[in-house]
Amino acid sequence: MSEAPILQPSTLAIHGNRVREKQSNSILFPIHQTATYVHETVGVTKGYGYSRGGNPTVNALEQAIAALEGTATALCFRSGMGAISTLCLALLKAGDHVILSEVVYGGTIRLFRQVLENFAIEYSFVDTADLDAVRQAIRPNSKLLFVETPANPTMKLADVAALAEIAHAKGLLLAVDNTFLTPLLQDVLKLGADISMLSTTKYIDGHNATIGGSLATHDETLTERLRLVRKTLGTIQAPFDAWLTLQGLKTLPARLELHCRHAAAVAAWLEADSRVHCVNYPGLDSFAQKAIAERQQSGFGGMLSFELDASVEESLRFIDALKLCTCAESLGSVETLVTNPATASHCDLSSEERAKLGVSDRLIRLSVGLEAPQDLIADFEQAFAAVFGADGGAR
Ligand SMILES: *Cc1c(COP(=O)(O)O)cnc(C)c1O
C-alpha cells in the first residue's frame, strides 16, 4: 500500500483529518446541538455519552486543529483561558512552582495571582528571552515553563528550542501560548515544546465570531488527563462555536499569508514616517531579534506595535481619529483592530511595571487585518491630519 501523501497547510486546513457526516453526506459537518446521546442498549453508546465530555462537532474541530498541530488529536475549550486553566489544574498540585513569561496574556497573570495563589501554587514571572534568567528561576519544585512568544505588545521573542532544552534538562514541561502565530507560522511542538496552546478566538476563528481555546500535545497520557479534567471542570467548547470556528479555520492559511503581507507593508510605511518614533515588528531589519524570528517562524505575523513621536494625549487622540482601524480588544480577525495597551490589556500593571516591559503609555498595538494596506495607510494619514493639522509634519 502506498503512503498517504504529505499535504500542504492550505490543503490540510480544508481536508486534514476531516470527519465525514454519513447520514446525509452534507459537505459541512453538522452542528450536533445536543446535551446527551441515546444508549443503543443499556451502557452501549456510539462513543458519546454527554456533551460535557465530548461532542461530535467539537471533535470535528479538534481533528482539524490536530491536523495543523501534527498531533493525533487536540482538545477544544470554551475559551483560551478555559484551556490554560484546565492545563494548570491538570498538571499542578499544591507546592508546585511554575515559571511564566513576564509578558503573558493578562488573563494568565490573573489566573496565577488571583486564583492559583489560593491553592499554594508558586510562580515566577521571568524574561523568557533571557535564557540565563530562566535557568536561574528553576527550583527543585518547578514543574512547568509557560511561554508566550511573540510577547504582547512589544513583540519580544523567546527562543522555543533553547527553552525546551533548558526545561527538559530539569524535568519541566514546556507549554507555549502560540495564539499570535498559530502552528502554521510557528510549529512549537516541532521546536521541542510539550504543549501547544491556542486562543482560537483569534486567528483560528479569524472573524470575531467566537471565544475558544485549544491544547495539543504528542503525549497521549497527558491528553487523556486533560480530557478528564476538562470533563470535570466543564470547560469544553460548545457545538455551535466549534462549528463556526471550523469554518474559519479552513481559510487560516490564506488569511495568514495576507495578514503577514499587510502587516509588513504597514510596518514599513510607519517606520519610514518621521512622525513615528519606533515600530516593533519582527520582519523589520531594525527589529533586534529578527534572526530568532527567521529561525523559528515561517512568517512574521500580523501583529505590530508602534509609538508616535507625540505625547500620550496626542497618541490617544490619534487612535480616536482612526476611522477604518477599529479600537477594540482582541486580535487576529479580518478587521484591523487597534488598542492602547496601557489603558487596555496592560491596565492592571503600574506605570513602572509597564515601563520595565517596554510598554510605554503611548504605545499603540495594531492587529493588521485583511483590508487593502493602502486603505489602512490612508486612514493613518487622515488621523495624522486630524490630530496634527494638514501640515503636521508630512512625510
Ligand atoms: C486572547 C488570548 C488568550 C485568552 O484567550 P480567550 O479565548 O480570550 O480566553 C490567551 N493568550 C493570548 C496570547 C491571547 O491573545
Side-chain angles (χ1 to χ4, degrees), residues 58 61 65 74-89 98 100-116 125 128 144-158 160 175-186 188 193 195-216 230 233-238 240-242 244-245 248-249 252 256 259 263 280 282 297 301-305 328-333 335 337-339 341 344-348 357 359 365-369:
V58 176
L61 174 62
I65 290 177
L75 293 171
C76 286
F77 297 84
R78 201 70 188 86
S79 65
M81 286 314 303
I84 298 172
S85 304
T86 303
L87 176 70
C88 290
L89 291 170
V98 181
L100 299 110
S101 297
E102 62 185 359
V103 290
V104 280
Y105 181 71
T108 308
I109 298 176
R110 276 194 295 278
L111 173 66
F112 278 83
R113 285 196 179 154
Q114 296 183 40
V115 180
L116 295 177
F125 290 103
T128 46
L144 175 67
L145 174 57
F146 189 96
V147 173
E148 206 173 299
T149 181
N152 174 29
T154 57
M155 305 305 292
K156 194 168 173 183
L157 306 179
V160 177
V176 179
D177 180 337
N178 200 19
T179 299
F180 270 37
L181 293 173
T182 83
L184 294 181
L185 297 183
Q186 178 171 265
V188 299
I195 300 139
S196 166
M197 178 267 153
L198 302 170
S199 166
T200 61
T201 309
K202 315 297 166 49
Y203 287 101
I204 306 293
D205 170 324
H207 296 77
N208 277 329
T210 64
I211 300 281
S214 69
L215 293 172
R230 180 182 69 174
L233 297 176
T235 47
I236 193 172
Q237 181 57 293
F240 183 48
D241 294 64
L244 282 169
T245 309
L249 182 137
L252 177 68
L256 281 176
H259 281 298
N280 305 310
Q297 302 176 198
M303 298 298 298
L304 61 90
S305 60
E329 295 204 27
S330 202
L331 60 106
S333 65
E335 300 93 351
L337 297 183
V338 60
T339 61
S345 53
H346 290 63
C347 66
D348 285 351
L357 301 181
V359 182
R365 187 188 82 176
L366 205 62
S367 169
V368 182

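Only this structure's heavy atoms are used, side chains among them; waters, hydrogens and symmetry mates stay out. Whatever order the structure lists them in is the order used to number ligands and atoms, beginning at 1.
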Inset, instruction - For M81, take its heavy atoms, then give the atoms of ligand 1 lying under 4.0 Å from any of them. - result: 5 (O), 6 (P), 9 (O)
Legend entry - No-hydrogen, no-angle side-chain donor-acceptor test under 3.5 Å, S305 and N280: yes
Legend entry - Short side-chain donor-acceptor distance under 3.5 Å, T235 and T86: yes
Legend entry - atom 7 (O) of ligand 1: nearest protein contact (heavy atom, Å): T201 OG1, 2.7 Å
Legend entry - Heavy-atom nearest neighbour in the protein, as seen from atom 5 (O) of ligand 1, with distance rounded to 0.1 Å: S199 OG, 3.0 Å
Legend entry - G212 touching ligand 1 at heavy-atom level, < 4.0 angstrom: yes
Inset, instruction - Evaluate the side-chain proximity of D348 to I109: yes if any heavy-atom separation is below 4.5 Å, no if none is. - result: no
Legend entry - Geometric N/O contact L331 with ligand 1, under 3.5 angstrom: no
Inset, instruction - Around atom 6 (P) of ligand 1, find the nearest protein heavy atom and jot down its residue, atom name and distance. - result: G80 N, 3.3 Å
Inset, instruction - Show your working on side chain to side chain contact (heavy atoms under 4.5 Å, CB included) between H207 and S333 and close with a plain yes or no. - result: CA-CA 5 Å; H207 296 77; S333 65; 5.9 Å; no
Inset, instruction - Any atoms of ligand 1 less than 4.0 Å from a non-hydrogen atom of S79? List them with their elements. - result: 7 (O), 9 (O)
Inset, instruction - Compute the shortest N/O to N/O distance between D177 and ligand 1 and return yes if it is under 3.5 Å, no if not. - result: yes
Inset, instruction - Name the closest protein heavy atom to atom 2 (C) of ligand 1, giving the residue it belongs to and the distance to 0.1 Å. - result: K202 NZ, 2.5 Å
Inset, instruction - Among all protein heavy atoms, pick the one closest to atom 8 (O) of ligand 1 and tell me residue, atom and distance. - result: Y105 OH, 3.8 Å
Legend entry - Trace of the side chain to side chain contact (heavy atoms under 4.5 Å, CB included) decision for T149 with F180: CA-CA 8 Å; T149 181; F180 270 37; over 6 Å; no
Inset, instruction - Taking all non-hydrogen atoms of both residues into account, name the closest pair between C88 and L116 and its distance. - result: CB-CD1, 3.9 Å
Legend entry - Close side-chain approach of L145 to T128, heavy-atom, < 4.5 Å: yes
Legend entry - F180, any N or O under 3.5 Å of ligand 1 N or O: no
Inset, instruction - Evaluate the side-chain proximity of R230 to L75: yes if any heavy-atom separation is below 4.5 Å, no if none is. - result: yes
